[in-house]
Structure formats: C-alpha cells, structure tokens
Amino acid sequence: MDTPFMKKLNAAQLNAATCKSNSVQILAGPGSGKTRVLTSRVAWLVLSEHVRPQNIVVVTFTNKAAKEMRHRLESPELLGSMQSDKLCMGTFHSICARLLRQYHAHVQLKPNFTIADTDMSRHAIKKLKEELIGELSDYGRTKMKPEAYFNVISKARNAGMNVDQYIEKNYGEWDKKDICIMFKAYEDRMHADNLVDFDNLLLYTRVLLARFPSAANFVSHVLVDEFQDTNVVQYDIVKGLTRGGKALTIVGDPDQSIFGWRNADRGNFIKMQREFKGTQICNLEENYRSTKHILKSAFHVVSKDKKRIDKSLFTENAEGVPMSMLKMSDDTMEAQSVAEEIKRIVEYSGSLITYKDIAILVRMNYLSRAFESALNSLSIPYVVIGGVKFFERAEVKDILAYLRFCYNANDTEAFERIINRPRRGVGEVTMNKIEKLSRQPGATIISVLRDISTGKGKMIASIPLKTKQNLAGFVNLYDNVQELMQKKSYIYRILEYIIGDTNYKEFLQKEHPDKDGESRWDNVGELVTFAKQFNPPPDNLAKNSAAVTMSGIEILENEPPENESNVEDSLPDLPNYTEPTEEEPPLGDDERLNDGDHIVRFLELTTLSTNSKEEDEADLGKVTISTMHSAKGLEWPVVFTIACEAGIIPHQKAEDDMEECRLLYVAMTRPKCKFI
DNA sequence: CCGAACCCTGTTTTT
DNA sequence: CAGGGTTCGG
C-alpha cells in the first residue's frame with residue numbers, strides 16, 4: 001500500500017491520487033503537480049487496487065503529454081515498463097484510430113483506411129470546389145476559399161454535428177447552402193477514398209461507442225488529462241469508454257482552457273458532475289512552480305474572466321523578483337534585446353542558467369522568425385516547437401504518400417501528391433481524366449493507369465509515349481511495393497525501395513539546387529532511420545530469409561532492424577487478433593485492442609504525431625521557442641513572453657477575449673523558480 | 001497539354 | 001517563404 005511514490009505527494013495530492021470514488025475530478029492549477037498525481041493514480045490503481053493495466057485507458061490531448069506520461073510511468077518507482085506498456089495510453093486521436101481499426105466494419109470502414117491530415121482535407125475541398133462549379137453560388141465559387149469551407153465544416157463537427165445533422169439544421173438557410181453542398185460532397189469523397197480525417201476519427205468513434213457499447217468492454221478505468229480542452233465529441237467518447245458511467249478520473253484546470261476555438265467546453269466539468277453520480281472533486285491548490293510575484297500577476301490577468309469558476313492557488317515559494325516589462329519600438333528591436341538579454345543572463349549567472357533553461361513564448365508561429373534570426377546572429381542555439389513538424393515536411397510527406405497510396409489504393413489525395421514527384425508528365429488535365437475514370441464503378445486509379453500504360457485505355461487519347469512509360473513505371477512500383485507488403489518486409493526496406501526506384505534524390509536536387517536540397521535529402525534519410533523502429537508482425541520472422549533483388553536494390557527479408565523499438569505514443573503491442581463479429585465486438589475484460597500491422601502503426605504514428613526530431617533535442621542546451629498553446633504543461637527557469645500587445649494577444653480575430661486572458665495566464669505561469 | 005519561371009499575397013492557436 | 005496564380009516556350 002505504501003509505495004514509495006506516494007511519499008512524494010502532499011496531503012491533497014495523495015488524497016486525489018488514492019480517492020476511492022468511481023468518479024473523480026482533480027482541479028489542478030498550474031504547477032500543482034497535476035501530472036504527478038495522474039500518474040500516481042494510475043500506479044495506485046494497478047499496485048494497490050489490483051486493476052489490470054490493460055484495462056486502463058489514459059487519454060491526453062497532445063503527443064507530448066502522452067510521451068511525458070509514458071516516460072514517468074515507465075520509471076521503476078511507479079509502474080516500470082513491464083506494466084506500463086500494457087496501458088492503453090495515447091491522444092484522443094490515436095486511441096480513436098485504434099478503436100476504428102479494430103471495429104472498422106462496425107462503422108462502414110474498410111480495414112485499410114488511411115488518415116487524412118488537415119492539408120489533405122483542404123486539398124480535397126479545393127478540388128471539389130472545381131467539380132461543383134455548377135452547384136455553388138457565385139459567392140461560394142469566387143469568395144469562399146477552400147480553407148473557409150473547411151473551417152466551417154470542421155467547426156460544425158467539433159460541435160458534434162455530422163453532415164446529415166448539419167444539413168437538417170441549416171436546410172433552407174440560403175447562406176449555408178454552399179456549405180451544405182460542400183459538406184456532403186466532402187464526406188462522400190472521403191468515404192470513396194477510404195480516408196478518415198482528424199474530426200471523423202472522433203465522430204466515428206463516438207458513433208461506434210454509442211451503437212456498440214461493448215467495444216469498450218476491455219475498459220475498466222478511464223483517466224483524462226487536460227479535461228478543460230475536451231469538446232462535446234470528446235466528452236461523449238470518454239463517457240462511452242466508461243460504459244456505465246463509472247471509473248472516470250479527469251484532471252484539468254478551467255483557467256487553462258485555451259481551445260475554445262476548437263469547441264472545447266469548460267461546461268464539461270459541470271456536465272460530468274451531473275452525469276456521473278457521486279463525483280468527488282479534489283482541488284490541488286498549492287503551486288510548486290511560481291514565485292509569489294508571478295502568481296499574483298498571473299492571477300490578476302486570469303481573474304478578468306468574470307465567468308471563471310472561483311478557486312484559489314497559493315505558493316510557499318519565495319516572493320521573487322517582479323516581472324520585468326520591456327517596451328520596444330518594433331519587432332526587430334524586440335528580438336534583438338531578447339537575444340542580448342539571454343546572452344547576458346547566461347553569462348551573469350556563471351552558466352548556472354544555461355540556454356536550455358530559457359524559453360521564448362509566442363502567440364503565433366510566424367512571430368518566431370525575428371527571434372530566430374536574432375538568436376542566430378548571436379550564435380545562440382535554439383529549437384522551435386510547433387513550427388513545421390518533421391512529418392509535415394514536403395519531402396517526408398512525399399515518401400509517406402507513396403506508402404499510403406500503396407496501402408490504400410483509393411487514397412486519391414496521396415496519389416495526387418506523388419504522381420508528379422518526381423515529374424511524370426501528368427498535368428492537371430490528364431490528372432482529372434484519370435480521376436474521373438477511376439471513380440467509375442469497378443475502376444480504381446491503378447486499373448486506369450494499367451489501361452493507359454498498356455494502351456488499352458483508348459478513352460484517353462493523346463497521352464505522350466513518355467508519360468505512358470512513366471505511368472507504367474509507377475504501376476510497376478505499386479506492384480512491387482504491394483509484394484513487399486505482402487511479404488511483411490521491414491518498412492525501412494520498403495521506403496528505401498521507393499526512394500531508389502523513384503530516383504527521389506535526383507528529383508530533390510533538381511527542385512532545390514541549393515543547399516536546401518541537401519537538408520531535404522537528410523530528412524528523407526531520417527525518415528528511413530525512424531522507420532527502423534517498426535518491426536513486422538513476429539509470426540513470419542523465422543521463415544525464408546532469402547535475399548530478393550528488385551530494381552537493383554537488394555531486399556533482405558527478415559533481417560532485424562538496427563534500432564530497437566522505442567516509440568512513444570504507439571499504443572502497445574498485442575499479439576492475439578480476432579476478427580470482429582457482427583453484433584458483439586470480441587474484446588472481453590482481459591483483452592486489449594489490436595494494433596494492426598506495422599504499416600498501419602507506422603502510417604498512423606506519422607500522421608497523428610507532430611513531434612519533430614528537434615523537439616527531442618530541446619534538452620540539449622538550446623533555447624526553446626514555442627507557441628503559448630504548446631507551452632502548456634511545460635516550465636523553464638527563464639521565460640520571455642513576447643509581443644504582448646493589442647492585436648497579437650489578445651489576437652485581432654479572437655472570438656473570446658477571456659480566452660486570450662487565460663492564454664496569457666498559461667504563458668505567465670510557465671517560469672519555475674527552482675531549477676537545480 | 002506540361003512545366004519552368006515569374007510575381008503575388010498573407011499568415012491564431014492543434015490533432 | 002511557401003503556395004497560388006499567371007505567362008510563355010516546347
């Protein structure tokens with residue numbers, strides 16, 4: 001019972017971590033040890049209450065939080081990796097993806113659906129705009145950008161509406177007609193392409209859990225981090241996972257609710273109290289991070305929020321020095337002085353404070369530019385968090401799109417991305433013809449391409465011989481990758497084959513003759529290295545280890561990869577897979593979700609995870625530049641909150657100024673006064 | 001009909 | 001600074 005980690009908790013924390021109630025709300029202000037309590041509660045459930053870890057679901061919002069949680073629970077002081085690996089832990093989106101993969105048939109999905117990121121969604125809408133030219137109004141055709149459509153559609157879905165509900169509600173509203181048309185067309189297109197976008201990962205899961213509650217049979221305890229960020233859909237998913245409305249623990253802080261624009265609703269705290277009878281509320285009021293000065297100033301900001309649920313926060317920490325406010329004439333000057341100040345602090349402290357202890361928090365990603373160049377000019381090393389993510393780089397997405405398309409040949413978005421990278425002589429016109437033909441009954445993109453390249457497709461006249469040859473090569477690449485997948489080759493081998501067969505390096509150099517080309521090529525290499533963590537399913541490791549030669553690349557089957565698996569936020573391995581039956585999903589209390597094959601795991605991790613290589617290097621003596629949003633949950637001894645001016649924070653387009661206050665509150669509570 | 005070369009714009013926050 | 005739009009040569 002008295003496990004070592006509990007001795008590290010104060011009375012309120014201990015009470016929260018070991019609360020016997022089935023429904024617990026832990027309201028935790030900044031720096032009050034929220035993550036420590038949540039991880040301790042998981043450990044307590046397993047070690048003292050003898051709950052099986054495979055029956056515990058831990059949901060976070062960001063990959064970073066999931067990673068941090070996993071890291072802490074792996075420590076022998078808590079669970080150790082043997083036990084913690086069995087937990088079902090991840091972001092909302094990754095857990096939903098797993099549920100849908102397992103129960104695809106229950107929500108009319110094919111087992112090999114792929115996940116569309118925001119770029120792909122927008123691109124799909126852009127194309128639909130052209131196709132729907134006859135149906136949209138003048139305004140919808142000329143004034144509405146794809147992004148505008150997508151934002152409205154996404155907002156509706158985050159408010160819990162699917163297409164049919166949206167159309168039902170807005171039918172007859174003349175100004176919503178374009179959206180209705182686009183919404184419907186978009187959903188149909190995604191379905192036809194066997195694609196699920198971010199919003200639908202959640203919406204489909206909500207439907208799954210509502211219609212097949214037993215899909216959550218394997219769950220006995222649900223814990224949710226950052227509950228103030230949940231929207232109605234996520235709330236329903238959480239509730240669905242708890243089935244009878246039991247065994248739910250949430251931690252959160254209404255004052256740190258900064259995702260209202262994504263329909264996050266602080267009302268979910270009250271809703272939970274109403275719907276989960278006997279909810280215990282535990283307040284964590286002692287702050288261990290901030291100085292008295294900072295806490296006071298930060299509280300002053302957040303208390304502007306008149307609708308705020310009143311709660312207190314105190315600290316035993318020192319008074320500290322007052323915050324300093326610097327007024328600058330312009331952004332260059334601002335960046336310059338911050339950079340100089342950083343240099344000064346490091347020198348003045350005699351390197352007691354180093355670069356890694358310092359962060360610059362910005363409201364918008366692009367604001368980091370000025371600071372990057374200022375830091376560069378003083379040769380101060382830095383990392384940007386939340387900028388262009390590794391898996392969002394064009395060259396990385398290209399290679400991944402090849403894998404996606406070969407895995408899900410309906411993925412038109414992936415196809416469009418890769419067909420001209422490298423150039424194959426297919427332009428917009430030919431592309432449209434191919435797509436149109438592929439959408440006819442019985443046809444697929446590949447079947448159309450096969451017809452063209454073998455000359456059978458006389459419906460497409462006047463395709464140059466060169467293009468035909470290129471397409472034949474593409475079909476060949478597809479077939480070969482299919483074969484490799486069937487053989488359960490290592491992913492990095494498949495990627496190497498794709499990269500080699502497409503001559504991707506040459507293409508990159510041609511597109512980016514400067515130094516840029518090299519760094520892009522490095523990224524491709526890094527992707528291959530990353531892929532080495534993914535092992536094919538174990539059952540076919542022993543058989544035939546013959547070397548196959550294909551297009552000059554030697555493919556060694558079943559050779560162990562160089563890296564051991566060490567993947568954050570991939571949900572744990574699970575050997576025994578059972579096909580879901582029609583009515584009753586297969587998982588009993590003992591069982592866990594199936595992971596899918598290594599290709600799926602890889603594709604999901606790369607589309608659902610945002611962390612870049614650089615972020616992992618944040619500890620390595622570099623200044624951190626981060627958005628205020630992604631700084632939540634993090635802390636540094638020295639924090640610069642920049643561009644605190646009207647229009648930036650609060651942002652011009654902000655719908656809710658109180659939320660801007662909360663955002664500034666989050667930023668202001670990042671500095672920690674103890675750093676040794 | 002494709003693609004290279006040019007100029008233009010305009011940027012919230014995340015999965 | 002990329003991503004879209006436009007123009008022009010093959």
Side-chain angles (χ1 to χ4, degrees), chain A residues 59-66 90-97 115-123 126 145-147 151 154-155 157-158 196-203 205 226 229-231 233-234 256-264 361-369 372-373 385-389 391-394 419-433 460-464 466-467 470 510-513 516 569 604-611 626-632 643 647-656 659-660 662-664 666-667:
Chain A
V59 197
T60 64
F61 266 84
T62 62
N63 295 292
K64 206 184 301 159
T91 62
F92 269 103
H93 289 83
S94 69
I95 288 175
C96 287
I115 296 164
D117 63 24
T118 315
D119 274 352
M120 296 175 130
S121 298
R122 276 199 284 256
H123 186 248
K126 194 185 160 208
K145 289 184 189 156
E147 205 165 346
N151 288 342
S154 183
K155 189 123 206 191
R157 294 189 298 178
N158 276 299
V196 180
D197 67 15
F198 286 157
D199 293 335
N200 277 341
L201 280 176
L202 303 184
L203 283 168
T205 303
E226 308 279 19
D229 291 334
T230 51
N231 62 28
V233 183
Q234 288 156 332
Q256 293 183 73
S257 169
I258 53 177
F259 288 91
W261 48 274
R262 213 171 53 184
N263 273 309
L361 303 185
V362 299
R363 173 69 232 263
M364 286 160 291
N365 277 312
Y366 79 96
L367 290 174
S368 70
R369 299 220 146 276
E372 291 186 55
S373 54
I385 294 182
V388 183
K389 323 275 175 26
F391 294 120
E392 283 173 3
R393 304 188 115 106
I419 192 59
N420 272 321
R421 317 196 111 238
R423 305 250 171 239
R424 290 187 175 87
V426 178
E428 207 190 330
V429 180
T430 310
M431 187 65 221
N432 283 340
K433 284 184 192 161
I460 299 186
S462 74
I463 285 193
K466 189 77 198 138
T467 304
N470 287 337
K510 219 163 103 192
E511 293 264 298
H512 310 275
D516 198 33
D569 196 34
E604 270 172 22
L605 196 72
T606 53
T607 38
L608 296 179
S609 129
T610 55
N611 55 324
S626 167
T627 62
M628 295 179 183
H629 280 85
S630 40
K632 188 162 60 162
I648 302 223
I649 181 161
H651 191 270
Q652 275 183 331
K653 290 193 197 164
E655 288 165 32
D656 178 4
E659 180 153 313
E660 301 292 299
R662 295 195 292 269
L663 184 56
L664 186 57
V666 169

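To find a chain, count down the sequence lines: A is the first, B the second, and so on, and within it residues start at 1.
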Practice item. Write down the distance between CG (A:Leu361) and P (B:dT13), rounded to a whole number of angstrom. Key: 14 Å
Practice item. Would you please classify the geometry between the A:Phe61 ring and the A:Phe259 ring as parallel, tilted or perpendicular, with 30° and 60° separating the classes? Key: parallel
Exercise for review: Check every atom of C:dG5, B:dC1, B:dT14 against the side chain of A:Lys433 and return the nucleotide holding the closest atom.
Suggested key: B:dC1
Check your understanding: Expressed in angstrom and rounded to an integer, what is the separation of A:Lys155 atom NZ from B:dT13 atom C1'?
Key -> 12 Å
Practice item. Using a heavy-atom cut-off of under 4.0 Å over every strand shown, decide if A:Thr467 touches base, sugar-phosphate, or nothing. Key: nothing
Point to revise | Salt bridge A:Asp229-A:Lys632, side-chain N to carboxylate O under 4.0 Å | key: yes
Check your understanding: Rounded to whole angstrom units, what separation is found between the NE2 atom of A:His651 and the C1' atom of B:dT11?
Key -> 9 Å
Exercise for review: In whole angstrom, give the distance that lies between atom CG of A:Asp229 and atom C1' of B:dT15.
Suggested key: 12 Å
Review point. Take atom NZ in A:Lys155; do more than 12 heavy atoms of anything else shown fall under 6.0 Å from it?
Key: yes
Check your understanding: Can a donor-acceptor pair under 3.5 Å be found between the side-chain atoms of A:Ser94 and the base atoms of B:dT15?
Key -> no
Check your understanding: Taking only residues two or more places apart in sequence, or in another chain, which ones meet A:Ser121 in a side-chain hydrogen bond (donor to acceptor under 3.5 Å, both in side chains)?
Key -> A:Tyr186
Exercise for review: Give the nucleotide from the list B:dT15, B:dC1, C:dC1 with an atom nearest to the side chain of A:Arg369.
Suggested key: C:dC1
Practice item. Return the value, rounded to whole Å, for the distance between atom CG of A:Leu367 and atom P of B:dG10. Key: 17 Å
Review point. Quick one: is A:Asn365 getting a side-chain N or O under 4.0 Å of the B:dT13 phosphate, OP1 or OP2?
Key: yes
N/O contacts under 3.5 Å, protein versus nucleotides 3-7 of chain B?
{"unit_1": "B:dG3", "atom_1": "OP1", "unit_2": "A:Gly425", "atom_2": "N", "d": "2.9"}
{"unit_1": "B:dA4", "atom_1": "OP2", "unit_2": "A:Arg423", "atom_2": "NE", "d": "3.2"}

Exercise for review: For A:Glu428, report the nucleic acid contact type (base, sugar-phosphate, nothing); a contact means any heavy atom under 4.0 Å.
Suggested key: sugar-phosphate
Check your understanding: Do the charged groups of A:Lys126 and A:Glu147 touch, with an N to O distance under 4.0 Å?
Key -> no
Review point. In whole Å, what is the span from the CG atom of A:Asn158 to the P atom of B:dT13?
Key: 16 Å
**Study point:** Short side-chain N/O contact from A:Thr430 to OP1 or OP2 of B:dC2, under 4.0 Å
**Key:** yes
Check your understanding: Stacking between A:Phe92 and the base of B:dT15 (centre distance under 5.5 Å, interplanar angle under 30°)?
Key -> no
**Study point:** Separation of atom CG in A:Asn63 from atom P in B:dT15, rounded to whole Å
**Key:** 6 Å
Point to revise | Flag side-chain contact, heavy atom, 4.5 Å: A:Glu659 against A:Leu663 | key: no
Review point. For A:Tyr366 and B:dT11, are the ring centres under 5.5 Å apart with planes inclined under 30°?
Key: yes
**Study point:** Residue-phosphate contact under 4.0 Å: A:Thr627 side-chain N/O, B:dT14 OP1/OP2
**Key:** yes
Practice item. On DNA chain B, check which nucleotide each of A:Met364 and A:Thr118 is closest to and give me the residue with the more 5' one. Key: A:Met364
Exercise for review: Apply side-chain hydrogen bond (donor to acceptor under 3.5 Å, both in side chains) to A:Thr467 and list each qualifying residue two or more places apart in sequence or on a separate chain.
Suggested key: none
Review point. What integer distance in Å separates A:Glu147:CD from B:dG10:P?
Key: 12 Å
Review point. Of A:Phe198 and A:Lys145, whose nearest nucleotide on DNA chain B comes first from the 5' end?
Key: A:Lys145
Practice item. Look at the side chain of A:Arg662 and the backbone N and O of A:Gln256, then say whether any donor-acceptor pair between them is shorter than 3.5 Å. Key: no
Exercise for review: Please tell me which of the listed nucleotides, B:dT14, B:dT15, B:dC2, lies nearest to the side chain of A:Val429?
Suggested key: B:dC2
